[in-house]
A.B. asks: 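Got a structure for you, questions after.
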Amino acid sequence: MPITPLMPVYPRCGVRPVRGEGVYLYGEQGERYLDFAAGIAVNALGHGHPHLVKAIAEQAATLMHVSNLYGSPQGEALAQRIIDVSFADTLFFTNSGVEAIECAIKTARRYHYVNGNPERHKLITFKNAFHGRSIGAISATDQPKMRDGFEPLLPGFDYVPFNDLAGALAKIDGETAGFLVETIQGEGGMTAGTPEFIQGLRKACDEHGLLLILDEIQCGYGRTGKMWAYEHYGIEPDIMTVAKGIGAGFPLGACLATEEAAKGMVFGTHGSTYGGNPLAMAAGMAVLDVMLEADFLPQVERMGERLRAAFEQLIPNHDHLFEEIRGKGLMLGIKMKEPAVSRDFVAHLRDNHGLLTVAAGENVFRVLPPLIIDESHIADCIERLSAGARSFAGTSDD
Ligand SMILES: *Cc1c(COP(=O)(O)O)cnc(C)c1O
């Protein structure tokens with residue numbers, strides 16, 4: 001077999017979407033799927049949201065791209081709006097999550113460098129973490145499936161079990177720059193940081209002059225029913241990466257920072273040709289227009305509670321299959337009982353029940369619907385999921 005035109009790094013399945021409408025996707029033959037994967041937490045406004053579509057179309061016709069050598073009224077306006085609803089004083093726009101991670105690592109290293117402590121370059125990161133696929137980002141995870149064959153990786157990372165505060169504190173030494181952590185682990189298995197853990201990391205940063213970098217690429221931007229996942233913990237980071245929902249399908253990310261944490265990022269230290277171009281900014285603005293409407297986030301929170309409650313009702317009927325519910329808001333995961341079946345179950349729901357979900361680590365399947373879902377979508381999901389659980393049990397039992 002010759003190599004495929006698309007480099008074969010993904011095990012692509014038989015779903016081949018050509019059109020989307022709200023919470024539904026349509027395949028080449030018109031097959032209809034309930035999309036509770038949302039491009040892996042990206043399509044926050046579902047598919048074809050009229051306000052987002054119009055903003056992109058109008059901006060494309062007006063001005064798509066200019067260099068970052070010029071002033072950016074579009075970028076300034078979106079940055080200010082994000083800053084106004086976050087801990088941050090400044091931000092750098094990227095085209096993806098992993099580029100925001102790169103910017104965060106560079107910002108943290110430069111901070112200690114300009115403070116006269118260039119030896120403080122190491123970040124403490126966590127097992128099962130996922131920060132993206134650049135050399136920097138795979139260096140920041142201990143997962144062999146992402147690292148194998150790419151060594152030598154970037155030095156300067158220590159790995160500690162997630163939610164192990166004592167272990168993280170024990171790793172701090174004279175070379176530590178800070179912590180890089182997902183407030184809620186996504187790919188790793190939808191595990192939320194415990195309050196003691198996240199708050200403990202914050203406290204350690206304050207005591208030792210370290211930087212707390214939160215990776216909210218998946219859990220931020222409204223996903224949990226609050227604008228940022230850190231709001232559930234009553235703390236604020238020094239640096240934070242966001243992407244996925246920020247453009248709701250348009251490639252966009254950002255690295256946010258406090259003025260203090262960003263103090264090393266001066267002229268010439270970083271850049272991106274496309275980052276924050278007018279087209280991306282129009283998409284980002286349109287997303288916030290919708291997300292910052294008074295009832296949007298409360299509705300996400302309500303739908304998250306409904307969906308979780310519906311899962312809680314479902315589990316006892318299939319307790320040989322499902323073990324527990326994880327996550328927050330509309331970032332939910334169900335851990336399965338039989339070892340290593342989450343991938344098969346995701347495929348079964350997709351192929352036999354038209355329900356799109358995503359597998360994650362630790363035998364969990366992720367439910368990441370668009371943030372615009374209502375009761376009818378939850379009812380549709382539960383109907384497909386219960387049917388899927390019945391038929392899956394039928395095929396896999398004894
Ligand atoms: C998706 C994701 C990334 C990487 O984002 P890309 O846009 O794929 O580069 C990084 N961190 C987390 C937590 C993610 O979920």
A.B. asks: Any side-chain heavy atom of Lys122 within less than 4.5 Å of one from Asp173?
C.D. replies: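 Yes, their side chains come closer than 4.5 Å.
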A.B. asks: Can a side-chain donor-acceptor contact be found between His208 and Thr176 if the only test is distance below 3.5 angstrom?
C.D. replies: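 Absent: no donor and acceptor within the cut-off.
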A.B. asks: Under 4.5 Å between side-chain heavy atoms, hopping through other hydrophobics if needed: is there a path connecting Val287 to Leu330?
C.D. replies: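 Yes, same cluster.
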A.B. asks: Heavy-atom count around Glu151 CD within 6.0 Å, excluding the residue itself: above 12?
C.D. replies: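 Yes.
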A.B. asks: Distance-only, no hydrogens or angles: does the Asn277 side chain make a donor-acceptor pair with backbone N or O of Leu279 under 3.5 Å?
C.D. replies: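 Pair found, side chain donor or acceptor close to backbone of Leu279.
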A.B. asks: In this structure, would Ile138 and Val98 fall into the same cluster of hydrophobic residues linked by side-chain contacts under 4.5 Å?
C.D. replies: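 No; tracing contacts between hydrophobic side chains, which count when under 4.5 Å, never links both residues.
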A.B. asks: Check this for me: Arg147, atom CZ, are more than 12 non-hydrogen atoms of other residues, nucleotides or ligands nearer than 6.0 Å?
C.D. replies: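 Yes, because the 6.0 Å sphere around CZ of Arg147 holds more than 12 heavy atoms from other groups.
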A.B. asks: Hey, are the side chains of Val23 and Pro370 touching, using non-hydrogen atoms and a 4.5 Å cut-off?
C.D. replies: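 Side-chain contact under 4.5 Å: yes.
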A.B. asks: Over 60° means perpendicular and under 30° means parallel, so classify the ring planes of Phe197 and Phe162, tilted if in between.
C.D. replies: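 Correct class here is perpendicular.
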A.B. asks: Please state whether the rings of His348 and Phe392 are parallel, tilted or perpendicular, taking 30° and 60° as the class boundaries.
C.D. replies: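 Ring orientation, 0 to 90° scale: tilted.
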A.B. asks: Do the non-hydrogen side-chain atoms of Glu216 and Leu256 ever get within less than 4.5 Å of each other?
C.D. replies: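 A side-chain contact under 4.5 Å is absent here.
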A.B. asks: Hey, is the main chain of Ser342 close enough, under 3.5 Å, to the side chain of Asn363 for a donor-acceptor pair?
C.D. replies: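 Judged by distance alone, yes, a pair lies under 3.5 Å.
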A.B. asks: Determine the interplanar angle of the Tyr221 and Trp228 rings, folded into 0 to 90°, and report it as parallel if under 30°, tilted if 30 to 60°, perpendicular if over 60°.
C.D. replies: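 Ring orientation, 0 to 90° scale: perpendicular.
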A.B. asks: Work out which heavy atom in Ala254 is nearest to a heavy atom in Leu91; give both atom names and the distance.
C.D. replies: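 Reported closest heavy-atom pair: CB-CD1, 4.4 Å.
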A.B. asks: Can you tell me how far apart CG (Asn115) and CZ (Arg120) are? Round to the nearest 0.5 Å.
C.D. replies: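 The CG atom of Asn115 sits 8.0 Å away from the CZ atom of Arg120.
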A.B. asks: Going by an N to O cut-off under 4.0 Å, is there a salt bridge joining Arg302 and Asp295?
C.D. replies: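 Salt bridge between Arg302 and Asp295, a charged N being under 4.0 Å from a carboxylate O: yes.
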A.B. asks: Output the distance between atom CG (Leu371) and atom CE (Met331), rounded to the nearest 0.5 Å.
C.D. replies: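 Going from the CG atom of Leu371 to the CE atom of Met331 covers 12.0 Å.
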A.B. asks: Count I, L, V, M, F, W, Y as connected when their side-chain heavy atoms are under 4.5 Å apart, and connections chain through other members. Are Phe157 and Leu153 then in the same cluster?
C.D. replies: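 No.
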A.B. asks: Within the side chain of Glu196, is there an N or O that forms a donor-acceptor pair under 3.5 Å with the backbone of Thr194?
C.D. replies: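 Here the side-chain-to-backbone pair does not exist.
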A.B. asks: At what distance, to the nearest 0.5 angstrom, does NE2 of His131 lie from CZ of Phe126?
C.D. replies: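 Output value for this atom pair is 8.5 Å.
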A.B. asks: Evaluate the side-chain proximity of Leu288 to Met227: yes if any heavy-atom separation is below 4.5 Å, no if none is.
C.D. replies: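 A side-chain contact exists here, since the closest heavy-atom pair is under 4.5 Å.
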A.B. asks: Does the side chain of Thr94 come within less than 4.5 Å of Glu102's, by heavy atoms?
C.D. replies: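 A side-chain contact under 4.5 Å is absent here.
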A.B. asks: Considering non-hydrogen atoms only, spot the tightest contact between Phe87 and Asp238 and give its length.
C.D. replies: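 The answer is CE1-O, 3.5 Å.
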A.B. asks: Using a cut-off of 6.0 Å, state whether more than 12 heavy atoms not belonging to Tyr26 lie near its atom OH.
C.D. replies: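 For Tyr26, atom OH is crowded (more than 12 foreign heavy atoms under 6.0 Å).
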A.B. asks: Is Leu214 close to Tyr233 at the side-chain level, that is, under 4.5 Å between some pair of heavy atoms?
C.D. replies: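 They are not in side-chain contact.
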A.B. asks: From Asp215 CG over to Glu182 CD, what is the distance, rounded to the nearest 0.5 angstrom?
C.D. replies: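 If I round to the nearest 0.5 Å, the distance is 5.0 Å.
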A.B. asks: Output the distance between atom CG (Leu34) and atom SG (Cys381), rounded to the nearest 0.5 Å.
C.D. replies: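 Those atoms lie 6.0 Å apart.
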A.B. asks: Classify the ring geometry of His270 against Phe92: parallel below 30°, tilted from 30° to 60°, perpendicular beyond 60°.
C.D. replies: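 Rings of His270 and Phe92: tilted, 30 to 60°.
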A.B. asks: Output the distance between atom CG (Leu307) and atom CG (Leu385), rounded to the nearest 0.5 Å.
C.D. replies: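 Atom-to-atom, Leu307:CG and Leu385:CG are 9.0 Å apart.
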A.B. asks: When you measure from the side chain of Arg308 to the backbone of Gly327, do you find a donor-acceptor pair of N or O atoms at a distance under 3.5 Å?
C.D. replies: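 It does hold such a pair.
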A.B. asks: Tell me whether Arg110 contacts the main-chain N or O of Met265 through its side chain, where contact means a donor paired with an acceptor under 3.5 Å.
C.D. replies: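 No; judged by distance alone, with no hydrogens or angles, the pair does not exist.
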A.B. asks: Assess whether side chain to side chain contact (heavy atoms under 4.5 Å, CB included) is satisfied between Gln299 and Glu301, documenting all intermediate values.
C.D. replies: CA-CA 5 Å; Gln299 170 73 359; Glu301 198 172 356; over 6 Å; no
A.B. asks: Are Ile40 and Leu25 joined in one hydrophobic group, where the rule is that I, L, V, M, F, W and Y side chains link up if heavy atoms are under 4.5 Å apart?
C.D. replies: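 Ile40 and Leu25: separate clusters.
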A.B. asks: Minimum heavy-atom separation for Tyr230 to Ile235, with atom names?
C.D. replies: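 Closest heavy-atom pair between Tyr230 and Ile235: CD1-O, 3.0 Å.
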A.B. asks: Take atom CD of Gln313 as the centre, draw a 6.0 Å sphere, and report whether it contains more than 12 heavy atoms from other residues, nucleotides or ligands.
C.D. replies: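 Open: at most 12 neighbouring heavy atoms sit under 6.0 Å from CD of Gln313.
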A.B. asks: At their closest point, which heavy atom of Val300 faces which heavy atom of Arg223, and how far apart are they?
C.D. replies: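 Looks like CG1-O, 4.1 Å.
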A.B. asks: Using every non-hydrogen atom in the two residues, find where Val364 and Gly333 come nearest and quote the distance to one decimal.
C.D. replies: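 So the minimum-distance heavy-atom pair works out to CG1-CA, 3.8 Å.
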A.B. asks: Considering only heavy atoms from C-beta outward, does the side chain of Asp289 approach that of Arg81 to under 4.5 Å?
C.D. replies: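 Asp289 vs Arg81: side chains touch.
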A.B. asks: So do the side chains of His112 and Leu211 get within less than 4.5 Å of each other, counting heavy atoms only?
C.D. replies: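 The answer is yes; the side chains approach within 4.5 Å.
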A.B. asks: May I ask whether Ile101 and Val242 are part of the same hydrophobic cluster, defined by side-chain heavy atoms of I, L, V, M, F, W, Y residues being less than 4.5 angstrom apart, directly or through others?
C.D. replies: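 Different clusters.
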A.B. asks: Looking only at the side chains, is there a donor atom on one of His377 and Asp380 sitting less than 3.5 Å from an acceptor on the other?
C.D. replies: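 Judged by distance alone, the side chains do not pair up.
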A.B. asks: Do Asn128 and Gln185 get their side chains close enough for a donor-acceptor pair, meaning under 3.5 Å?
C.D. replies: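 Absent: no donor and acceptor within the cut-off.
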A.B. asks: Any side-chain to backbone donor/acceptor pair from Lys328 onto Cys219? Under 3.5 Å, distance only.
C.D. replies: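 Checked: no pair found.
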A.B. asks: Using every non-hydrogen atom in the two residues, find where Glu21 and His47 come nearest and quote the distance to one decimal.
C.D. replies: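 Minimum heavy-atom separation between Glu21 and His47: N-CB, 3.5 Å.
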A.B. asks: Is Glu260 paired with Lys263 through a side-chain N to carboxylate O contact shorter than 4.0 Å?
C.D. replies: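 Yes, this pair counts.
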A.B. asks: Given side chain to side chain contact (heavy atoms under 4.5 Å, CB included), test Phe296 with Ile372 step by step and report yes or no.
C.D. replies: CA-CA 8 Å; Phe296 189 90; Ile372 55 157; 4.0 Å; yes
A.B. asks: Would you say that more than 12 heavy atoms from the other residues, nucleotides or ligands in this model lie under 6.0 Å from the CD of Glu312, or not?
C.D. replies: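 Yes, because the 6.0 Å sphere around CD of Glu312 holds more than 12 heavy atoms from other groups.
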A.B. asks: Test your reading of the model: is there a side-chain donor-acceptor pair from Arg202 to the backbone of Glu236, 3.5 Å cut-off?
C.D. replies: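 Indeed, once roles are kept as given, a pair shorter than 3.5 Å links the two residues.
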A.B. asks: Looking only at atom types and distance, does a side-chain atom of Asn163 sit under 3.5 Å from a main-chain N or O of Ala192, one as donor and one as acceptor?
C.D. replies: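 Checking the backbone N and O of Ala192 against the side chain of Asn163, a donor-acceptor pair under 3.5 Å is found.
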A.B. asks: What do you reckon, is NZ of Lys337 surrounded by more than 12 foreign heavy atoms closer than 6.0 Å?
C.D. replies: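 Yes, NZ of Lys337 has more than 12 neighbouring heavy atoms, counting only those of other groups under 6.0 Å.
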A.B. asks: Measure centre to centre between the rings of Phe365 and Phe36, then say whether the value is under 6.0 Å.
C.D. replies: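 Ring centroids of Phe365 and Phe36 are no less than 6.0 Å from each other.
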A.B. asks: How about His232 and Thr183: does a side-chain donor come under 3.5 Å of a side-chain acceptor?
C.D. replies: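 Short answer, no.
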A.B. asks: When you look at Ile198 and Phe179, which way does the side chain to side chain contact (heavy atoms under 4.5 Å, CB included) test go after all the steps?
C.D. replies: CA-CA 10 Å; Ile198 300 289; Phe179 302 100; over 6 Å; no
A.B. asks: Any side-chain to backbone donor/acceptor pair from Asn43 onto Gly249? Under 3.5 Å, distance only.
C.D. replies: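 Side chain of Asn43 to backbone of Gly249: no pair is present.
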A.B. asks: Looking at Thr125 and Leu180, would you say the former's side chain and the latter's main chain have a donor-acceptor pair under 3.5 Å?
C.D. replies: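 Absent.
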A.B. asks: Answer yes or no: are there more than 12 heavy-atom neighbours, outside Tyr274 itself, under 6.0 Å from its atom OH?
C.D. replies: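 Counting other residues, nucleotides and ligands, OH of Tyr274 stays at 12 neighbours or fewer.
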A.B. asks: Apply side chain to side chain contact (heavy atoms under 4.5 Å, CB included) to residues Thr191 and Arg326 and explain how you reach the verdict.
C.D. replies: CA-CA 6 Å; Thr191 314; Arg326 295 181 174 185; 3.4 Å; yes
